[in-house]
Amino acid sequence: MVNNKEPNKIEEINECPECNSKKLTRDDNRAELVCNNCGLVLDDDLIDYGPEWRAFDSEQREKRARTGAPMTPLVHDKGLTTTIDWKNRDFYGRSIPNRNRARVYRLRKWQKRLRTSQYQERNLIEALQYLDRMSSALELPRSVRENAAVIYRKAVNKNLIRGRSIDGVVASTIYAACRQCGVPRTLDEISDKTNIKRKEIGRNYRHINKALKLNLKPTSPKDYIARFSSDLDLGSETKSRALKILKRANKKELTSGRGPIGLAAASLYMASVLSGEKRTQKEISETSGVTEVTIRNRYKELADELGIKIAV
DNA sequence: AAGACGAAAGTGGTTGA
DNA sequence: TCAACAACTTTCGTCTT
């Protein structure tokens, strides 16, 4: 929170368009910028950068200064709840010349704002409930959840939800967030835990990725290695061996056009055999979600091209 | 008996006319 | 919008240990 308050600093508007008066008052109590001459409200929703308390000496300032709960995108109002101040002050605290105009102006503005924001708020509340439930089922770290929430917010603001189910979109934002954070989950994994069809998640994801210009690149096989190998109880030696295989494969351009998950599975299979803690193709198939056949095909290719001999 | 293998047909998504 | 296409899956019979 910024403590250095500059109460009457007016940044963008410094002249009343109605009467060209330069005497403007910034009213932080009502968050409005008002013309002293005609009373027209020039801007509202100003941000008050000052603290909400007043300090009369430096000791009090020390005591009262504190940081509040952090802002989080996981609550629909970002954790910053507005409380209305019912001081013994009249709504129209003081008399404003030409009051009608200012009033109508303001009402119209609010009317418009409420109409559009109401739908979005409701939508967001419901979406965040889904997000909470789904990401718990997937055991996602908080950073990923917040990322997903941010993406969803953007999607709502851009009206991308229309015609799609809320839970479907939430699932796809989770998918996107996982990728963004470098800890991708497969579409199948998310589909399993959320009861949303894989097809739908993929479709929504593509739409959002394009419309919001997230520019998420295709996942790399190495992103899956850590998770799969811990699921398979593989040691760190095997893990790094698998990564080495992938690196070499990448250099030889064996990876382009191949599914990253299949490659990850195949390299783990090879590494597990080479390191003497062998897992069967079936086991790897089950944790990775690709079939044994694909693992076989991939690892044959890798073994041939890289000259690795595997004793089965 | 379990794991690995590979042929063949089927599926879902991308691409380019 | 449609067909061609590549990657991947499913299924299933065979081989190896």
Side-chain angles (χ1 to χ4, degrees), chain A residues 155 160 163-165 167-180 184-225 227-229 231-235 238 241-242 245-312:
Chain A
L160 301 178
R164 289 159 218 276
S165 67
D167 50 355
V169 177
V170 170
S172 63
T173 60
I174 290 177
Y175 178 68
C178 286
R179 294 177 61 154
Q180 212 169 37
R185 297 293 186 278
T186 63
L187 282 174
D188 282 319
E189 285 173 289
I190 295 180
S191 173
D192 276 352
K193 309 272 173 158
T194 58
N195 290 325
I196 311 283
K197 297 217 172 62
R198 195 181 67 175
K199 205 171 160 185
E200 190 184 346
I201 301 176
R203 201 179 43 218
N204 287 342
Y205 165 73
R206 248 173 291 129
H207 186 234
I208 287 175
N209 190 21
K210 199 183 272 179
L212 294 182
K213 300 196 175 106
L214 296 177
N215 286 332
L216 291 174
K217 296 175 191 100
T219 56
S220 152
K222 65 177 190 292
D223 292 335
Y224 293 97
I225 295 291
R227 202 155 47 82
F228 288 166
S229 57
D231 283 352
L232 286 161
D233 265 330
L234 289 169
T238 309
R241 201 166 220 151
I245 293 172
L246 285 176
K247 208 175 215 171
R248 289 182 57 198
N250 206 9
K251 268 202 187 120
K252 279 207 157 193
E253 304 199 334
L254 299 173
T255 53
S256 74
R258 300 273 120 104
I261 305 172
L263 280 165
S267 68
L268 269 178
Y269 175 71
M270 296 168 79
S272 79
V273 174
L274 291 172
S275 307
E277 46 179 4
K278 178 178 170 177
R279 298 290 179 274
T280 64
Q281 294 177 355
K282 195 175 172 203
E283 285 171 310
I284 295 182
S285 156
E286 273 163 11
T287 50
S288 66
V290 294
T291 60
E292 300 163 62
V293 180
T294 304
I295 296 176
R296 276 201 290 276
N297 292 338
R298 277 309 84 74
Y299 110 73
K300 287 282 176 200
E301 285 171 14
L302 292 179
D304 283 351
E305 297 288 330
L306 300 177
I308 299 172
K309 289 226 164 66
I310 298 226
V312 180

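Proteins come first, then strands; the chains are lettered A, B, ... in the order of their sequence lines, and each starts at number 1.
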Trainee: Hey, does the side chain of K278(A) come within less than 4.0 Å of dA4(B)'s phosphate (OP1/OP2), counting only N and O?
Mentor: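 Yes, K278(A) has a side-chain N/O under 4.0 Å of OP1/OP2 on dA4(B).
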Trainee: Can you tell me if the side-chain N/O atoms of Q281(A) get under 4.0 Å from OP1 or OP2 in dA2(B)?
Mentor: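 No, no such contact exists.
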Trainee: Could you write out each protein N or O paired with an N or O of nucleotides 13-16 of chain B at a distance under 3.5 Å?
Mentor:
from    : atom 1 : to      : atom 2 : distance (Å)
dT14(B) : OP1    : R206(A) : NE     : 3.1
dT14(B) : OP2    : R206(A) : NH1    : 3.2

Trainee: Using a 3.5 Å limit for the pairing distances, which stems of at least 3 consecutive Watson-Crick or G-U wobble pairs does DNA chain C take part in?
Mentor: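 In DNA chain C, stems of three or more pairs: B:1-11 with C:7-17, B:13-17 with C:1-5.
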Trainee: Give the B/S/- string for nucleotides 4-9 of chain C, one per nucleotide from 5' to 3', where a protein heavy atom under 4.0 Å of the base yields B, of only the sugar-phosphate yields S, and otherwise -.
Mentor: ---SSB
Trainee: Report the residues that fulfil side chain to side chain contact (heavy atoms under 4.5 Å, CB included) with S275(A), sequence neighbours left out, ordered by chain and then residue number.
Mentor: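 Side chain to side chain contact (heavy atoms under 4.5 Å, CB included) check on S275(A) returns E237(A), T238(A), R241(A), E277(A).
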Trainee: To the nearest angstrom, how far is R296(A) atom CZ from dC12(C) atom P?
Mentor: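 Nearest whole value for this atom pair: 15 Å.
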Trainee: Does a side-chain N or O from Y299(A) land closer than 4.0 Å to OP1 or OP2 of dA4(B), or not?
Mentor: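 False: Y299(A) side-chain N/O out of range (4.0 Å or more) of dA4(B) OP1/OP2.
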Trainee: Taking only residues two or more places apart in sequence, or in another chain, which ones meet D192(A) in a side chain to side chain contact (heavy atoms under 4.5 Å, CB included)?
Mentor: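 Here no residue qualifies.
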Trainee: dA2(B) C1' sits how many Å from R279(A) CZ, rounded?
Mentor: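 The distance from CZ of R279(A) to C1' of dA2(B) comes to 17 Å, rounded to the nearest Å.
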Trainee: Take the protein atom NZ of K282(A) and the nucleotide atom P of dC5(B), then report the distance between them rounded to whole Å.
Mentor: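 Taking atom P of dC5(B) as the reference, NZ of K282(A) is at 16 Å.
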Trainee: Take atom CD of E292(A) and atom P of dC12(C), then tell me their distance rounded to the nearest Å.
Mentor: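 It is 14 Å, rounded to the nearest whole Å.
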Trainee: What pairs with R185(A) under salt bridge (Lys or Arg N to Asp or Glu O under 4.0 Å), at least two apart in sequence or on another chain?
Mentor: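 For R185(A) there are no salt bridge (Lys or Arg N to Asp or Glu O under 4.0 Å) partners, ignoring immediate neighbours.
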